[in-house]
Amino acid sequence: MDRAEFDQPVQTLAPALLGALLVRQPDQPGQPRRIARIVETEAYHQSEPACHAHRGRTRANAGLFGPPGHAYVYFTYGMHFCLNASCGDGATAAGVLFRAAQIIEGQDLARQRRPAARRNADLARGPARLTAALDVGQAFNGADLCDPAGLLHLARDDQPHRPERIAAGPRTGVRLAWQTPWRFYLKDCAEVSPYRRHPKASR
DNA sequence: GATTTGATTCTCT
DNA sequence: GAGAATCAAATCC
């Protein structure tokens with residue numbers, strides 16, 4: 001995918017990435033390629049309190065400050081990784097969280113990585129499930145998602161979704177600014193994760 | 001230095 | 001619907 005696409009406001013980029021393909025190249029001989037079609041995203045921006053970079057740049061969140069089109073991978077709840085794509089001007093922190101996807105190639109390998117998944121739709125139905133299915137860990141933090149030669153990159157689908165299938169709503173599981181409708185997903189998609197309000201969400 | 005919390009998932013009820 | 005698993009980073013004292 002062209003890096004210029006990442007040079008737009010995060011709330012515009014997040015819905016634009018729906019239907020895009022996340023391509024995971026094999027890192028061992030004989031391993032198949034895995035492709036995930038993005039069906040759910042969330043936008044985060046430095047200006048709002050739900051963003052990891054809201055309180056300024058740290059070593060952990062440096063990936064959100066660009067350059068655009070790179071991976072920001074963070075570790076949470078003691079056991080899970082989540083994958084973002086950085087965007088913006090490189091000075092302001094912003095990113096798109098990949099929350100769910102359809103595995104359209106390499107399902108067998110994804111199943112090995114997600115033994116708990118009962119259905120194919122559960123393989124990447126959730127941000128940490130997605131990274132597990134594709135073997136994306138901290139090592140991918142900072143990876144260039146616009147480089148087709150890399151282990152992980154974004155590509156455009158030949159047959160993109162129709163625009164009217166996009167829906168928006170509040171972001172899942174965030175405590176602060178949870179009402180900001182920056183979660184985008186494809187309607188009627190079995191792979192979209194269920195909405196859960198944070199137990200301590202205020203207001 | 002100690003404590004709290006989280007952009008979660010799984011299992012059991 | 002509730003509770004556990006599990007740890008890095010942020011926050012507090």
Side-chain angles (χ1 to χ4, degrees), chain A residues 6 9-11 13-15 17-18 22 36 38-66 70-88 92-103 110-143 145 152 167-185 190-203:
Chain A
F6 293 89
V10 67
Q11 66 270 35
L13 175 66
L17 286 178
L18 294 174
L22 198 53
I38 309 294
V39 299
E40 183 183 357
T41 61
E42 282 178 2
Y44 289 88
H45 188 269
Q46 185 178 5
S47 63
E48 39 96 19
C51 183
H52 286 172
H54 181 59
R55 292 170 186 276
R57 182 178 191 139
T58 65
R59 194 167 88 255
N61 67 27
L64 281 175
F65 287 82
H70 286 247
Y72 163 57
V73 178
Y74 68 91
F75 183 63
T76 190
Y77 290 101
M79 61 190 90
H80 297 304
F81 294 102
C82 294
L83 171 67
N84 295 246
S86 64
C87 70
T92 310
V96 175
L97 169 71
F98 298 119
R99 280 199 61 86
Q102 305 167 330
I103 307 295
R111 277 201 158 279
Q112 289 177 28
R113 297 296 186 266
R114 295 265 310 117
R118 301 200 170 185
R119 321 171 288 151
N120 280 348
D122 288 334
L123 286 174
R125 189 176 186 242
R129 294 169 169 185
L130 172 64
T131 57
L134 297 183
D135 283 318
V136 172
Q138 202 110 65
F140 285 81
N141 195 29
L145 297 176
L152 189 69
R171 290 172 294 188
T172 299
V174 301
R175 184 167 58 94
L176 304 168
W178 64 275
Q179 288 173 311
T180 305
W182 274 8
R183 171 173 176 254
F184 305 93
Y185 55 96
E191 289 82 2
V192 172
S193 65
Y195 174 71
R196 290 192 198 91
R197 190 178 185 267
H198 192 286
K200 294 181 189 168
S202 51
R203 281 185 292 172

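Since the structure is predicted, the reported quantities are computational estimates derived from the model, not experimental observations. Every chain is numbered from 1, with letters handed out A, B, ... down the list of sequences. Atom set for the values below is all heavy atoms of this structure, side chains included, hydrogens, waters and symmetry mates excluded.
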Just how far, in rounded Å, is P of B:dG6 from CG of A:Leu97? 16 Å
Out of B:dA7, B:dC10, B:dT9, which has the shortest distance to the side chain of A:Arg196? B:dT9
Looking at B:dA7, which nucleotide sits across from it as a Watson-Crick or G-U wobble partner, both distances under 3.5 angstrom, or is there none? none
Between C:dA9 (P) and A:His52 (NE2): distance, integer Å: 12 Å
Quick one: which of B:dT5, C:dA5, B:dT8 gets closest to the side chain of A:Pro127? B:dT8
Closest to side chain of A:Ala60, choosing from C:dA5, B:dA7, C:dA10: C:dA10
A:Arg125 CZ to B:dA7 P, in whole Å, measures 20 Å
Is there a stack between A:Tyr74 and B:dA7, judged by ring centres under 5.5 Å and planes under 30°? no
Under 3.5 Å, side chain of A:Asn61 to main-chain N/O of A:Gly56, donor-acceptor pair present? yes
Using whole Å, what does the distance between atom C1' of nucleotide B:dA7 and atom CZ of A:Arg183 come to? 12 Å
Looking only at B:dA7, B:dT8, B:dT5, the nucleotide nearest the A:Lys200 side chain is B:dT5
According to a strict under-4.0 Å criterion, is A:Arg171 in side-chain N/O contact with OP1 or OP2 of B:dG6? no
What does A:Ala50 touch in the nucleic acid at a heavy-atom separation under 4.0 angstrom: a base, only the sugar-phosphate, or nothing? base
Validation row, ring centre A:Phe75 to ring centre A:His80 under 6.0 Å: no
Is it the case that A:Arg171 places NZ or CZ above or below the six-membered ring of A:Trp178, under 6.0 angstrom from the centre and within 45 degrees of the axis? no
Using whole Å, report how far CZ of A:Arg197 lies from P of C:dG1. 13 Å
Would you indicate, yes or no, if B:dT8 has its OP1 or OP2 atom less than 4.0 angstrom from a side-chain nitrogen or oxygen of A:Thr172? no
Please determine whether a side-chain nitrogen or oxygen atom of A:Arg118 lies at a distance below 4.0 Å from atom OP1 or OP2 of B:dC10. no
Please report the distance, rounded to the nearest Å, between CZ in A:Phe75 and P in C:dA9. 10 Å
A:Arg99 side chain near A:Leu130 side chain, heavy-atom distance below 4.5 Å: no
OP1 or OP2 of B:dA7 versus the side-chain N and O atoms of A:His198: is any pair under 4.0 Å? no
Distance, rounded to the nearest Å, where A:Phe81 contributes CZ and C:dC7 contributes C1': 11 Å
Within a radius of less than 6.0 Å around CZ of A:Arg55, do more than 12 heavy atoms belonging to other residues, nucleotides or ligands occur? no
Among B:dG6, B:dT9, C:dA10, the one nearest A:Arg129 by side-chain distance: B:dT9
Report the nucleotide, chosen from B:dC10, B:dA7, C:dA10, that has the shortest atom-to-atom distance to any side-chain atom of A:Arg55. C:dA10
Cation-pi check, A:Arg183 to A:Tyr185: give yes when NZ or CZ is under 6.0 Å from the six-membered ring centre and within 45° of the ring axis, no otherwise. yes
Does C:dT6 have a Watson-Crick or wobble mate here (both distances under 3.5 Å), and if so which one? none
Tell me: CG of A:Asn61 to C1' of C:dA9, nearest whole Å? 10 Å
